[in-house]
> 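To start, I am sharing the structure in question, which I have written as structure tokens.
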There are 2 protein chains.
Amino acid sequence: MRKDSRLSRMLHILIHMDHMEEAATSEHIATMLNTNPVVVRRTMGCLREQGYVTSVKGHGGGWRLNVALKDITLLDIHNALGESSVFTIGLSDEYTECPIEKAVNREIGDALKASEDFLLTRFGEVTLDKLTLAKA
Amino acid sequence: MRKDSRLSRMLHILIHMDHMEEAATSEHIATMLNTNPVVVRRTMGCLREQGYVTSVKGHGGGWRLNVALKDITLLDIHNALGESSVFTIGLSDEYTECPIEKAVNREIGDALKASEDFLLTRFGEVTLDKLTLAKA
DNA sequence: AACTCACGAAACATAATAAGTTACATGAAT
DNA sequence: ATTCATGTAACTTATTATGTTTCGTGAGTT
Ligand code: FES
Ligand code: FES
């Protein structure tokens, strides 16, 4: 399946924007990400809804970071991007009456839930400013 | 994205087969899973390659469990099904030269790796016979 | 030997979703 | 008025598990 690279892309852009004075246009951002301005607006729109960025139309317009990097975590951005599941693994018929199938699905479901909690907890522990200090 | 329910399906079938005397035909299994015999052959074929099941052609043929449930873990089956990534989350351009993008991708990649290890470790701790005892 | 059953495998169709693209409307600065 | 840049809708593409059709092959049955 195609991977969802929105989190990676948005983090990259947000940190980049922190270094900038002027607003970044969707066109500019799209070039950095090797993609299309519309894709940028669509994805950045999710972040705007949570107040992490603001957008301005017209001359000199574009996108601006609206919060300090130290005040946002990877989890914040992940959540802003929506509800989609983190796993490619799913369960078979959730409305089955078969007790074996139920037991299997419960075991897998519990494991996925625990693993997702683990991941999101970690995401929640990392603020974006930490990434600017990371060694290459 | 569509979820990969092969693990869930195969566990269900393997446990079911453990209760059976005769071989289970792909047709029979397909009915249980609300799917197609060809899908069953395709997926069960992965398990046969690892020796977990055997298949026999012709009259009275079909699939048989080849190991004890207590000797297989969820991880064994997961691994038998192939290499595909467990996450819907991916990274942006992995060959980027931008240090910020690298740092972002390293952070996300490390977190995904840790979460996957967590999940697979758990999968490895559960043998299939434990699922037959589970309470509904 | 002929028949039937069931797997093996190739080829093609479908569904779902992130991403990509095109087109047009709207608002802001010059 | 013109240009710039976002907002949005609609459509296309890419990808991958799943679904489907078809034919081949081997193993019992009669
Ligand atoms: S931070 Fe601007 S291109 Fe990576
Ligand atoms: S239908 Fe046979 S075990 Fe669920």
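We name chains A, B, ... by the order of the sequence lines, and we start the count at 1 in each one.
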> Should A:Ser5 be listed as having a side-chain N or O under 4.0 Å from OP1 or OP2 of C:dA19?
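Answer yes for this pair, as a side-chain N or O of A:Ser5 is under 4.0 Å from OP1 or OP2.
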> Nearest to the side chain of B:Trp63, heavy atoms from C-beta on, is which of D:dT6, C:dC7, D:dG19?
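Closest of the options to the side chain of B:Trp63: C:dC7.
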> Can you tell which of D:dT21, C:dG8, C:dG20 lies closest to the side chain of B:Val38?
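Comparing D:dT21, C:dG8, C:dG20 against the side chain of B:Val38, the answer is D:dT21.
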> For the residue pair B:Thr73 / B:Glu125, report whether a side-chain donor-acceptor contact shorter than 3.5 Å exists.
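No pair is found: no donor N or O on one side chain lies under 3.5 Å from an acceptor on the other.
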> Between A:Leu7, A:Asp76, A:Asp4, which is the residue that forms a side chain to side chain contact (heavy atoms under 4.5 Å, CB included) with A:Leu81?
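Exactly one option meets the side chain to side chain contact (heavy atoms under 4.5 Å, CB included) with A:Leu81, and it is A:Leu7.
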> Mind calculating the distance between CD (B:Glu49) and C1' (C:dC7) to the nearest angstrom?
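Roughly 15 Å, once rounded to whole Å.
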> Kindly point out which of C:dA19, C:dT22, D:dT6 is positioned nearest to the side chain of A:Asn36?
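Given the options C:dA19, C:dT22, D:dT6, the side chain of A:Asn36 is closest to C:dT22.
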> For the pair made of CG in B:Leu33 and P in D:dG19, what is the distance, rounded to whole Å?
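It works out to 9 Å between those atoms.
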> If we ignore angles and hydrogens, is there a donor and acceptor under 3.5 Å between the side chains of A:Ser55 and A:Arg48?
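A pair is found: one side chain offers a donor N or O, the other an acceptor, under 3.5 Å apart.
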> From C:dT21, C:dT4, C:dA6, pick the nucleotide closest to the side chain of A:Arg42?
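So the side chain of A:Arg42 is nearest to C:dT21.
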> Quick one: is C:dG20 close enough that its OP1 or OP2 comes under 4.0 Å of any side-chain N or O from A:Thr35?
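It does, given that an N or O in the side chain of A:Thr35 lies less than 4.0 Å from OP1 or OP2 of C:dG20.
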> Between B:Arg64 and C:dA6, is there a contact of a side-chain N or O with OP1 or OP2 at under 4.0 Å?
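Answer is no, no contact under 4.0 Å.
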> Counting heavy atoms from C-beta on, name the nucleotide in C:dA6, D:dT29, C:dA19 closest to the side chain of B:Thr25.
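Nearest to the side chain of B:Thr25 among the choices is C:dA6.
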> Between atom NZ in B:Lys57 and atom C1' in D:dC23, what is the gap in whole Å?
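Going from NZ in B:Lys57 over to C1' in D:dC23 covers 12 Å.
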> Just how far, in rounded Å, is P of C:dA19 from CZ of A:Arg9?
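My rounded result for the distance is 6 Å.
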> A:Ser26 side chain N/O closer than 4.0 Å to the phosphate oxygens (OP1, OP2) of D:dT6?
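A:Ser26 to D:dT6 OP1/OP2: side-chain N or O found under 4.0 Å.
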> Using a cut-off of less than 4.0 Å, is there contact between a side-chain N or O of B:Thr88 and OP1 or OP2 of C:dA18?
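False: B:Thr88 side-chain N/O out of range (4.0 Å or more) of C:dA18 OP1/OP2.
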> In whole angstrom, give the distance that lies between atom CD1 of A:Ile29 and atom P of D:dG7.
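Answer to the nearest Å: 11 Å.
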> Using the closest heavy atom to pick a nucleotide of DNA chain C for each, name whichever of A:Val56 or A:Thr43 lands nearer the 5' end.
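Nearest-nucleotide comparison on DNA chain C picks A:Thr43.
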> So which one's nearest nucleotide on DNA chain C is more toward 5', A:Arg6 or B:Ser55?
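Per heavy-atom nearest nucleotide, the more 5' residue is B:Ser55.
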> Measuring only between side-chain heavy atoms, which start at C-beta, is A:Met17 closer than 4.5 Å to A:Glu22?
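The answer is no; the side chains never approach within 4.5 Å.
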> After noting the C-alpha distance and the side-chain angles of B:Lys3 and A:Ser85, does the key distance pass the side chain to side chain donor-acceptor pair (under 3.5 Å) rule?
CA-CA 9 Å; B:Lys3 293 304 183 62; A:Ser85 167; 3.2 Å; yes
> Rounding to a whole Å, what distance do you find between A:His28:NE2 and D:dT6:C1'?
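To the nearest whole Å, that distance equals 17 Å.
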> Would you please say whether a donor-acceptor pair under 3.5 Å links the side chains of A:Trp63 and A:Ser26?
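Judged by distance alone, the side chains do pair up.
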> Angle between ring planes, B:His19 versus B:His16, binned at 30° and 60°: parallel, tilted or perpendicular?
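Tilted: the ring planes of B:His19 and B:His16 meet at 30° to 60°.
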> Could you check how far NZ of A:Lys3 sits from C1' of C:dA18, rounded to whole Å?
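Roughly 13 Å, once rounded to whole Å.
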> Roughly how many Å is it from CE in A:Met44 to P in D:dT6, rounded to a whole number?
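Going from A:Met44 (CE) to D:dT6 (P), I get 9 Å.
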> To the nearest 0.5 angstrom, please state how far the OH atom of A:Tyr52 sits from the CG atom of A:Leu128.
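Separation between the atoms: 9.5 Å.
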> Counting heavy atoms from C-beta on, name the nucleotide in C:dT21, C:dG8, D:dA17 closest to the side chain of B:Arg48.
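Of C:dT21, C:dG8, D:dA17, C:dG8 is nearest to the side chain of B:Arg48.
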> Ignoring backbone atoms, test whether A:Arg41 places a side-chain nitrogen or oxygen under 4.0 Å from the OP1 or OP2 oxygen of D:dT6.
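Result: yes.
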> Of the residues in residues 11-23 of chain B, which ones touch DNA chain C at a heavy-atom distance under 4.0 Å?
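The answer is none.
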